[in-house]
Amino acid sequence: MIADTVKGSVRNESRGVDLLKALEVAEKGKKLDGGELRGKPVSSSLEAIRTSDADIIVEATWTNLKDAEPGLGHIVTALENGKDVVTSNKGPIALAYKKLTNLAKAKRRQLRFEATVMSGTPVFNMRESGLAGAEIKSLRGILNGTTNYILTEMATGESYGEALRRAQQMGYAEVDPSGDVEGYDPAAKITILANALLNVQVQFKDVERIGITGITNENIKDAARDSKRIKLVASASHNESGRFNVTVKPLLVPDNDILAHVDGVLNALAISMDVQPDVTIIGPGAGGDSAGYGLLNDILSIHKLRPASSYT
Ligand SMILES: NC(=O)c1ccc[n+]([C@@H]2O[C@H](COP(=O)([O-])OP(=O)(O)OC[C@H]3O[C@@H](n4cnc5c(N)ncnc54)[C@H](OP(=O)(O)O)[C@@H]3O)[C@@H](O)[C@H]2O)c1
């Protein structure tokens, strides 16, 4: 079965779709359901998920932080139809964590989302195995490569505008960069981390969020004079009055803090726990290959937990 919003769709249950022929049709700019391929059309991506005999649905549509669609509908449909789900899409996990994890539990299916935070750098899978048994107390991270790249370039003397333009030329920043520079992307990621690793119910809309648009070269120079760096830090922890705080904001990070030395598009997450001092993981936070690796890692985890032979 192939279902594509632009190129059309086709399903052939008995013989499968002739993939070479499908490529030929698509390359000619024709629709897959135009009659050149044997099979029936599929009316929508939701029908494709409902009627597919796949064990695992890999959801990788675009991230929508307003209502999480179409990813949310895809994930709900997959779980309701008894399929495990692996996703790199932050929207549904940040906006509907509780609903989706409850549904997965009720349907006794796996919902895994390693690639939603720090792409293919292991966070959730590491928590399950490498940090098993530890109680995680708080999290602090640099979770957005675009803003970290801009701040790193500004530290070499580039203006905010020049650094942003360069980030756009390198493909790190979108034409509309607001999701990154206003801090929405790291706010979604820290929401996911807080819900999944700290077991607290945090809503994306409640994250206190300040982006990097107000940071000047002067601010960065002043920080350097005090042996500090300005970093956009996402954190989740209890404050002095015991209230749980989830924030994304530019902070002065002292030179002796490992986060001060995470430069360019790299991401990092410092995990504080009860049984040992902080563990910090540093790695790529974006890139198609890295996100693909995160998805593959989740598929392998599901396979370990539930070998294909156990599906009914
Ligand atoms: N690439 C990365 O560095 C990275 C890293 C970590 C996480 N992620 C996340 O992974 C997801 C995919 O990333 P990407 O870079 O591949 O995003 P992308 O380039 O925006 O691709 C999104 C894909 O979703 C398809 N799509 C949209 N609506 C659909 C619908 N209703 N039914 C079926 N397909 C639909 C689009 O198809 P059309 O092209 O036909 O519109 C497109 O192929 C995103 O949520 C992203 O945030 C990406």
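Counting starts at 1 for both ligands and their atoms, in listed order. Keep in mind that the numbers below use all heavy atoms, side chains included, and drop hydrogens, waters and symmetry copies.
- Proximity of a side-chain donor or acceptor of Glu162 to a complementary backbone N or O of Glu158 within less than 3.5 Å is not detected.
- Close approach of ligand 1 to Ala291 is summarised as follows: ligand atoms under 4.0 Å from at least one heavy atom of the residue are 4 (C), 5 (C), 6 (C).
- Asp176 and Ser178 are linked by a side-chain donor-acceptor pair at a separation below 3.5 angstrom, with hydrogens and angles left out of the test.
- Thr216 and Asn219 share a donor-acceptor pair across their side chains, judged by distance under 3.5 Å alone.
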Just distance, no hydrogens or angles: give the donor-acceptor pairs under 3.5 Å from side chains in residues 190-200, sequence neighbours left out.
from, atom 1, to, atom 2, distance (Å)
Thr191, OG1, Ala187, O, 2.6
Asn195, OD1, Val202, N, 3.2
Asn195, ND2, Thr191, O, 2.8
Asn195, ND2, Val202, O, 3.0

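- Counting only heavy atoms of the protein, atom 14 (P) of ligand 1 lies nearest to Ala60 O, 4.9 Å.
- The Val6 neighbourhood of ligand 1 comprises atoms 40 (O), with distances under 4.0 Å to a heavy atom of that residue.
- Summary of contacts: the protein heavy atom closest to atom 45 (O) of ligand 1 is Thr61 O, 2.6 Å.
- Compare Pro284, Gly73, Gly292, Ser88 by their heavy atoms: the one nearest to atom 8 (N) of ligand 1 is in Ser88.
- Remark: minimum distance from atom 37 (O) of ligand 1 to any protein heavy atom is reached at Thr5 OG1, 4.1 Å.
- Between Arg50 and Glu47 there is no salt bridge, since no side-chain N of the basic residue sits under 4.0 Å from a carboxylate O of the acidic one.
- For ligand 1 and Ser45, the ligand atoms under 4.0 Å from any heavy atom of the residue are 32 (N).
- Taking every heavy atom of Asn89 and a limit of under 4.0 angstrom, the matching atoms of ligand 1 come to 45 (O).
- Close N/O approach between Ala115 and ligand 1 is not found [any backbone or side-chain N/O within under 3.5 Å].
- Which parts of ligand 1 touch Ser119 is read off a 4.0 Å heavy-atom cut-off, strictly below it: atoms 5 (C), 6 (C).
- Within ligand 1, the atoms closer than 4.0 Å to a non-hydrogen atom of Lys90 are 47 (O), numbered from 1 in the order shown.
- No donor-acceptor contact under 3.5 angstrom links the side chains of Asn148 and Thr146, judged on distance only.
- With hydrogens left out, the protein atom closest to atom 47 (O) of ligand 1 is Thr63 OG1, 2.8 Å, a heavy atom.
- Atom 3 (O) of ligand 1 has as its closest protein heavy atom Gly287 N, 2.6 Å.
- Below 4.0 Å from some heavy atom of Ala286 lie the following atoms of ligand 1, by number and element: 3 (O).
- For atom 27 (C) of ligand 1, the nearest protein heavy atom (residue, atom name, distance) is Trp62 CD1, 3.6 Å.
- Considering Val233, Ile230, Asp257, Ile210 in turn, Val233 is the only one that fulfils the side chain to side chain contact (heavy atoms under 4.5 Å, CB included) rule with Leu251.
- Remark: among candidates Pro70, Gly285, Gly71, Ser290, the nearest residue to atom 31 (N) of ligand 1 is Pro70, based on non-hydrogen atoms.
- Between Asn297 and Tyr293, the side chains place a donor N or O and an acceptor N or O closer than 3.5 Å (distance only, hydrogens not considered).
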Per-pair distances, 0.1 Å, donor-acceptor, side chain in residues 113-124, under 3.5 Å, sequence neighbours excluded:
from, atom 1, to, atom 2, distance (Å)
Glu114, OE1, Phe124, N, 3.2
Glu114, OE1, Asn125, N, 2.7
Glu114, OE1, Asn125, ND2, 3.0
Glu114, OE2, Val123, N, 2.7
Glu114, OE2, Phe124, N, 3.3
Thr116, OG1, Phe113, O, 2.7
Ser119, OG, Ser290, OG, 3.3
Ser119, OG, Ala291, N, 3.2
Thr121, OG1, Met118, O, 3.4
Thr121, OG1, Pro284, O, 2.7

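- Between the side chain of Ser9 and the main chain of Val42, a donor-acceptor pair closer than 3.5 Å is present.
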